[in-house]
Amino acid sequence: MIKDNLQEIKNSIPKHVTLVAVSKTKPIADLQEAYDAGQRVFGENKVQEMVTKYDALPKDIEWHMIGHLQRNKVKYMAHFVSLIHGVDSFKTLKEINKQAQKHNRVINCLLQAHIAEEETKFGLSFDEISEIINSEEFNNLQNINVVGLMGMATFTDNEHQIKNEFSSLQNYFNSIKSTSKDNLHPKILSMGMSGDYQLAIECGSTMVRIGSSIFGVRNYLS
Ligand SMILES: *Cc1c(COP(=O)(O)O)cnc(C)c1O
């Protein structure tokens with residue numbers, strides 16, 4: 001039961017850690033069930049799917065885009081998205097700013113850091129993140145607010161490696177945490193999924209993105 005799974009996870013995470021229920025590929029009825037159990041923060045990784053679900057579900061839901069983002073899709077969610085986790089280029093940040101401006105909004109973003117050893121996971125190096133947030137051009141983006149960082153560890157059983165990767169992001173996060181600008185207020189560290197969220201919380205995560213432990217395994221073929 002989704003309700004029981006949610007309760008179990010909530011009991012296992014500290015109060016200051018936000019739970020994002022990752023509902024990608026799941027039907028609207030499943031999201032409604034989680035909503036009825038009190039869940040208000042949902043994460044999706046495809047813009048079109050998130051828009052369809054946004055249209056169908058109650059409007060007090062906070063929608064988080066957690067997947068790799070194509071710049072030409074930003075416009076479809078700019079009027080309602082509450083947090084974009086996977087920002088991995090300056091160009092994308094500029095596009096989000098442009099679309100947010102059209103709707104007279106400020107969109108909260110997390111910069112995605114590449115911490116895994118796999119080449120396939122998207123993300124910026126710590127140097128690239130520093131370069132972006134310290135650039136002159138960044139200061140002009142008044143319709144975005146960079147509220148923290150996001151990262152994904154390598155998919156492995158090696159807990160030592162996962163911890164090292166999460167710790168490296170925690171260290172970098174701590175190094176920029178006291179930097180504040182009009183559009184930079186780093187307070188969120190989004191790390192941890194179903195398989196590794198306990199380790200992530202030990203390493204300072206303030207936001208976990210959990211899908212299969214709540215909704216069951218995903219079947220991409222259905
Ligand atoms: C799918 C996904 C998750 C959730 O994964 P689970 O293992 O099902 O908890 C978390 N973060 C991102 C970026 C994802 O794409």
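Read the numbers this way: they start at 1 and go in the same order the structure lists the ligands and their atoms.
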Any salt bridge between Lys75 and Glu95, counting N to O under 4.0 Å?
no
May I ask you to check whether Ser212 has an N/O atom sitting below 3.5 Å from an N/O atom of ligand 1?
yes
Between Arg218 and ligand 1, which residue portion shows a heavy-atom distance shorter than 4.0 Å: side chain, backbone, both, or neither?
side chain
With a 4.0 Å cut-off on N to O distance, would you call Glu49 and Lys24 a salt bridge?
no
Could you tell me whether a side-chain N or O of Gln112 sits under 3.5 Å from a main-chain N or O of Leu124, the two making a donor and an acceptor?
no
Counting from 1, what ligand 1 atoms have a heavy atom of Arg209 closer than 4.0 Å?
4 (C), 9 (O), 10 (C), 11 (N), 12 (C), 13 (C)
Can you name the side-chain contact (heavy atoms from CB on, under 4.5 Å) partners of Ala100, sequence neighbours left out?
Ile107, Asn143
Atoms of ligand 1 less than 4.0 Å from Ile210 heavy atoms?
9 (O)
Would you say Gly211 and ligand 1 have an N/O pair spaced under 3.5 Å apart?
yes
Basic-acidic side-chain contact under 4.0 Å: Lys53, Glu44
yes
